[in-house]
Q: 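Got a structure for you, questions after.
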Amino acid sequence: SLGHIKDEEKQAIEAALAVERSVFEASLAEFQEIAHAALISREAQLIEDRDLQLGAAAAAMDERIARELSAQRDLLERRFNRYVRACVDEERGGRLAHLERVEAQVRQLGQMAQESGDLIRQARAVSTLSVAISALKSAAVGSRTQTPFASELSALTSAATTDFPATRAAIATIPHNTAELGIPSQVELEDRFDAVRREIRSVSLVPENGNLGSQVLSATLSKVMFEKEGLVEGEDVEAVLSRASFHLRQHNLDQAARELNQLSGWPKKLAQDWISAARRRLEVEQAIGVAESEELLSKLAII
């Protein structure tokens, strides 16, 4: 009978889905093990590289500061000796009235030395900040895989003294949990988007309270539906997915997330995890951008 045939078709579909799910779960478990081992190895390498970079940068800065201080000291000593000789000559010539002028000049030299010391201190602080920002950017957004960056964030927090209020405020917005786990790379988000797009298309015709039958029907029809590409107009699911895909290919992650955020119902539920991951990456990128801007302004102020 027709009912019996439908039951058999339903059972066949459910069996096929069960097999697909089993294969997917096995592949996922294997991938997670490989990814976990790779992440551990990558984290150890990044920490070692960061320590070497920070050590080399600090040593170079100490050496440069020592040279500059030595040159400044020698210059001040020569100038002071000249003024002392001039003072002695004036005394011998009976012109001690100029002593006050010499003392004023010596005080001016002392002020110059103090200002030079402040500039050197500021230059060293900016250099330390620059190294820390570079290390955080490399670990957080420069990797092709999701990489923890808690140690790099801690180093930048230490380097961001009160001279850098914007950087301190920006990195304070990055949750500790995000730094411990890392954020998805651009490549990972693009790969995940393709899978999410297929899932969304499979339920794009399911009503808000649709049952299993409507889900199976939607999945079947999605395989024969025309897949849109580019900046197409419209508010339907296919148009939104097409625009999001276009922006993602242009590396415009923010606009791609905005497009997916327009979805509703089942498509929005399936896209929510991807949207959240994209926003975490955007927040970290924005914080690093603020730190880089303040670093640049600080360098210009020293010149």
Side-chain angles (χ1 to χ4, degrees), residues 13-51 135-155 173-204 206 212 215-216 218-219 222-223 227 241 244-245 247-249 251-254 256-257 259-261 263 266-288:
I13 292 173
E14 290 178 344
L17 288 175
V19 171
E20 292 274 346
R21 187 181 301 108
S22 176
V23 172
F24 175 78
E25 291 176 348
S27 300
L28 178 61
E30 181 181 357
F31 175 78
Q32 288 177 335
E33 291 179 357
I34 296 174
H36 180 69
L39 285 175
I40 292 176
S41 175
R42 178 59 176 169
E43 179 183 8
Q45 182 62 43
L46 286 174
I47 291 175
E48 181 180 356
D49 294 344
R50 182 211 63 197
D51 292 342
L136 176 61
K137 185 175 183 179
S138 176
V141 300
S143 175
R144 292 181 61 85
T145 59
Q146 182 168 330
T147 304
F149 54 90
S151 57
E152 288 79 5
L153 181 62
S154 177
T173 63
I174 301 177
H176 179 71
N177 186 54
T178 298
E180 288 288 345
L181 298 177
I183 55 176
S185 68
Q186 182 75 24
V187 174
E188 289 174 326
L189 285 172
E190 291 174 1
D191 291 342
R192 287 172 57 181
F193 176 81
D194 292 336
V196 171
R197 183 177 187 179
R198 288 192 296 270
E199 293 178 357
I200 293 175
R201 293 187 77 244
S202 70
V203 298
S204 60
V206 177
L212 178 61
Q215 294 180 13
V216 172
S218 177
S222 67
K223 296 179 180 179
E227 186 172 335
L241 290 174
S245 177
H247 291 306
L248 199 58
R249 289 197 301 271
H251 302 295
N252 190 344
L253 183 60
D254 179 55
E259 289 288 353
L260 289 189
N261 199 43
L263 296 172
W266 279 103
K268 179 64 173 291
K269 293 178 182 178
L270 291 176
Q272 192 58 55
D273 286 346
W274 190 93
I275 295 173
S276 298
R279 284 175 175 170
R280 288 197 301 273
R281 180 177 178 84
L282 289 170
E283 289 170 356
V284 174
E285 289 180 344
Q286 184 180 32
I288 293 175

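Because only heavy atoms are used, hydrogens play no part in the values below, and waters and symmetry mates are left out as well, while side chains stay in. Since this is a predicted model, take the numbers as computed values, not measurements.
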Q: Only counting residues at least two apart or in another chain, list the ones meeting salt bridge (charged side-chain N to carboxylate O under 4.0 Å, His left out) with Glu188.
A: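 Glu188: no salt bridge (charged side-chain N to carboxylate O under 4.0 Å, His left out) contacts found.
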
Q: So which heavy atom on Trp274 is nearest to which on Leu189, and how close?
A: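 Distance-wise, the nearest heavy atoms are NE1-O, 2.9 Å.
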
Q: Compare every heavy atom of Ala140 with every heavy atom of Arg281, then report the nearest pair and how far apart it is.
A: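 Here Arg281 and Ala140 meet closest at NH1-O, 4.1 Å.
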
Q: For the backbone of Ser185 and the side chain of Arg144, can you confirm whether one donor and one acceptor N or O come within less than 3.5 Å of each other?
A: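 Side chain of Arg144 to backbone of Ser185: no pair is present.
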
Q: Any heavy-atom pair between the side chains of Trp266 and Ile200 that's under 4.5 Å?
A: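 No. Closest side-chain heavy atoms not under 4.5 Å.
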
Q: Checking Glu152 side chain against Lys137 main chain: does a donor-acceptor pair fall under 3.5 Å?
A: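 No; zero donor-acceptor contacts below 3.5 Å.
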
Q: Mind checking what makes salt bridge (charged side-chain N to carboxylate O under 4.0 Å, His left out) contact with Arg249, not counting sequence neighbours?
A: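 Residues passing salt bridge (charged side-chain N to carboxylate O under 4.0 Å, His left out) with Arg249: Glu229.
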
Q: In the structure I gave you, are the side-chain heavy atoms of Gln186 and Leu248 within less than 4.5 Å of one another anywhere?
A: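 Yes, close enough: below the 4.5 Å cut-off.
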
Q: Could you pull out all residues at least two apart from Asp254 that satisfy salt bridge (charged side-chain N to carboxylate O under 4.0 Å, His left out)?
A: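 For Asp254 the salt bridge (charged side-chain N to carboxylate O under 4.0 Å, His left out) partners, ignoring immediate neighbours, are Arg258.
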
Q: Give the intermediate values and the outcome of side chain to side chain contact (heavy atoms under 4.5 Å, CB included) for residues Leu253 and His247.
A: CA-CA 7 Å; Leu253 183 60; His247 291 306; over 6 Å; no

Q: Below 4.5 Å, heavy atoms only, C-beta onward: do Gln146 and Arg42 meet side chain to side chain?
A: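 SC-SC contact between Gln146 and Arg42 ruled out.
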
Q: If you count heavy atoms of other groups shown closer than 6.0 angstrom to CD of Gln272, is the number above 12?
A: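 Atom CD in Gln272 is packed in, count exceeds 12.
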
Q: Taking all heavy atoms of Ala244 and all of Ala256, pick out the closest pair and write down the distance.
A: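 Heavy atoms of Ala244 and Ala256 come nearest at O-CB, 3.6 Å.
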
Q: For residues 15-24, which residue pairs qualify under side chain to side chain donor-acceptor pair (under 3.5 Å), counting only residues two or more places apart or in two chains?
A: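 Side chain to side chain donor-acceptor pair (under 3.5 Å) check on residues 15-24 returns no pairs.
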
Q: Enter the distance from Thr178:OG1 to Leu153:CG here, rounded to the nearest 0.5 Å.
A: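 Spacing of OG1 (Thr178) from CG (Leu153) equals 10.0 Å.
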
Q: Got a sec, which pairs hit salt bridge (Lys or Arg N to Asp or Glu O under 4.0 Å) with one end in residues 173-187, sequence neighbours left out?
A: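 Every candidate salt bridge (Lys or Arg N to Asp or Glu O under 4.0 Å) pair involving residues 173-187 fails, so no pair, neighbours aside, qualifies.
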
Q: Grab the two heavy atoms, one from Val196 and one from Ala271, that are nearest each other, plus how far apart they are.
A: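 For Val196 versus Ala271, the nearest heavy atoms are CG1-CA, 4.1 Å.
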
Q: So, for Ile183 and Phe149, which heavy atoms are closest and what is the spacing to 0.1 Å?
A: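 Taking every non-hydrogen atom into account, N-CE2, 4.2 Å.
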
Q: Determine whether Leu241 and Leu260 satisfy the following criterion, side chain to side chain contact (heavy atoms under 4.5 Å, CB included), listing intermediate values before the conclusion.
A: CA-CA 7 Å; Leu241 290 174; Leu260 289 189; 3.9 Å; yes

Q: If I compare all heavy atoms of Ala287 with all of Thr173, which pair ends up nearest, and what's the gap?
A: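 Taking every non-hydrogen atom into account, CB-OG1, 4.4 Å.
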
Q: I would like to know whether Arg280 and Val284 meet side chain to side chain contact (heavy atoms under 4.5 Å, CB included); could you show each step before the answer?
A: CA-CA 6 Å; Arg280 288 197 301 273; Val284 174; 5.8 Å; no

Q: Please report, to 0.1 Å, the donor-acceptor pairs under 3.5 Å made by any side chain of residues 28-40, with sequence neighbours excluded.
A:
none

Q: Can you tell me how far the CD1 atom of Ile275 sits from the CD atom of Glu259, to the nearest 0.5 Å?
A: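 It is 11.0 Å, given to the nearest 0.5 Å.
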
